[in-house]
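Read the structure below first, then the notes.
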Number of protein chains: 2
Amino acid sequence: MVTYNATHERGCSACLTPLNDVFKALADASRRHLLDCLYERDGQTLGDLVAGLAMSRFGVMKHLRVLEEANLVVTRRKGREKLHYLNPMPIQMVYDRWVGKYRRGWTRRLSHIKNMLEES
Amino acid sequence: MVTYNATHERGCSACLTPLNDVFKALADASRRHLLDCLYERDGQTLGDLVAGLAMSRFGVMKHLRVLEEANLVVTRRKGREKLHYLNPMPIQMVYDRWVGKYRRGWTRRLSHIKNMLEES
DNA sequence: ATTATATGTGACCATTTGGTAACATGTCAA
DNA sequence: TTGACATGTTACCAAATGGTCACATATAAT
């Protein structure tokens with residue numbers, strides 16, 4: 001059942017990825033770790049990434065595919081190797097369309113909660 | 001299999017929620033919509049929230065439980081009602097420990113990708 | 001040409017997720 | 001105290017997720 005149409009959370013005009021896909025991609029710790037690896041050193045191959053992750057090669061491949069589909073990773077073939085690069089734009093989108101909004105009301109909402117708790 | 005120990009992404013000292021739980025909670029569009037509802041009007045009851053969401057009452061309850069466990073929502077009993085309040089702290093944590101890091105390198109990384117693409 | 005190495009695919013499995021329906025409990029109000 | 005209403009629980013189901021293994025294909029190097 002479609003409980004809520006996420007399309008009003010539009011995709012970023014530049015990266016064209018639905019916000020929902022980005023959130024889902026970021027929901028897994030292994031995938032976040034892969035992004036961290038690329039943050040440390042961009043342009044790693046599949047093999048490079050497998051070496052640091054205690055997971056089967058194919059497991060890593062599937063995670064990388066999810067990241068690619070969310071546009072968080074872009075790739076470039078170089079001979080028989082495939083180089084992976086971090087694309088920070090979807091993360092910027094997550095901030096613009098979501099995190100930032102909640103950060104703005106931050107202190108006001110915190111005191112709101114504080115008052116509410118004291119009241120009870 | 002534990003492919004990657006997410007504990008080094010420590011929970012926020014103030015809200016005590018593991019970052020991973022927060023990401024997972026945010027990964028579902030219905031849950032983000034619930035947070036949006038509370039952002040619009042804080043302190044809604046379960047019934048209030050069900051009314052605006054085209055999902056069964058119990059479906060909403062389960063989503064709220066996930067949000068509570070991630071500390072994104074805090075509650076307060078008032079007689080037979082349960083009031084739900086948005087807690088922005090875990091979102092702040094997501095920013096501090098994750099999104100902010102990637103935002104900082106933003107422009108540099110973008111040009112990196114641009115160069116990389118032109119090169120091929 | 002052959003071999004080694006890197007990425008890609010198909011089939012499969014266990015667990016989690018997102019949802020429903022039916023029933024149980026708790027509390028306010030007449 | 002009884003009825004109405006709000007939240008909570010138990011049991012169940014389908015589909016998606018996260019992972020494995022074995023095999024296939026493509027490229028580089030000797």
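Numbered from 1 within each chain, the chains take letters A, B, ... in sequence-line order.
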**Item:** Spacing of Met55(B) atom CE relative to dT20(C) atom C1', expressed in whole Å
**Value:** 12 Å
**Contact under 4.0 Å: Ser56(A) side-chain N or O vs dG19(D) OP1/OP2** = no
**Message:** Do the side chains of Lys101(A) and Asp96(A) get close enough for a salt bridge, i.e. N-O under 4.0 angstrom?
**Reply:** no
**Complete:** Taken to the nearest whole Å, CG/Asp28(B) to C1'/dT17(D) is 14 Å
**Message:** Just the rounded figure in Å: distance from C1' of dG18(C) to CZ of Arg31(B).
**Reply:** 8 Å
**Request:** Not counting sequence neighbours, list each pair that qualifies as a ring pair (Phe, Tyr, Trp, His ring centres under 6.0 Å) and has a residue in residues 64-90 of chain B.
**Result:** His112(A)-Tyr85(B)
**Asked** Between Tyr102(A) and Arg109(A), is there a cation-pi geometry (under 6.0 Å to ring centre, at most 45° from the normal)?
**Response** no
**Listed partners of Lys78(A) passing side-chain hydrogen bond (donor to acceptor under 3.5 Å, both in side chains), at least two apart** = none
**Request:** Round to the nearest Å and state the distance from Leu34(B) atom CG to dG19(C) atom C1'.
**Result:** 14 Å
**Prompt:** Would Glu69(B) and Lys24(B) pass as an ion pair if we require N to O under 4.0 Å?
**Reply:** no
**Message:** To the nearest 10°, give me the bend of the helix from dA1(C)-dT30(D) to dA30(C)-dT1(D), comparing the axes of its five terminal pairs at either end.
**Reply:** 20°
**Complete:** Residues at least two apart in sequence or cross-chain that pass side-chain hydrogen bond (donor to acceptor under 3.5 Å, both in side chains) with Arg103(B), listed by chain then number, are Gln92(A), Tyr95(B)
**Prompt:** Expressed in angstrom and rounded to an integer, what is the separation of Lys24(B) atom NZ from dA16(D) atom P?
**Reply:** 17 Å
**Request:** Could you tell me which residues satisfy ring pair (Phe, Tyr, Trp, His ring centres under 6.0 Å) with Phe58(A), sequence neighbours excluded, listed by chain and number?
**Result:** none
**Request:** Only one of Val66(A), Leu34(A), Leu67(A) passes side-chain contact (heavy atoms from CB on, under 4.5 Å) with Val73(A); say which it is.
**Result:** Leu67(A)
**Fill in**
By nearest-nucleotide position on DNA chain D, the 5'-leaning member of Gly79(A) and Lys62(A) is Lys62(A)
**Fill in**
Once base and sugar-phosphate atoms are separated, protein heavy atoms under 4.0 Å mark nucleotides 1-10 of chain D, 5' to 3', with B, S and - as ---BB-BBBB
**Asked** Given atom CG of Asn20(B) and atom C1' of dT17(C), what is their separation to the nearest angstrom?
**Response** 15 Å
**Message:** Using every non-hydrogen atom in the two residues, find where Asp21(A) and Thr17(A) come nearest and quote the distance to one decimal.
**Reply:** CB-CG2, 4.1 Å
**Item:** Spacing of Phe23(B) atom CZ relative to dT17(D) atom P, expressed in whole Å
**Value:** 18 Å
**Message:** Between His63(A) and dT17(D), is there a contact of a side-chain N or O with OP1 or OP2 at under 4.0 Å?
**Reply:** no
**Request:** Can you tell me the distance, in whole Å, between the CG atom of Leu83(A) and the P atom of dA6(C)?
**Result:** 13 Å
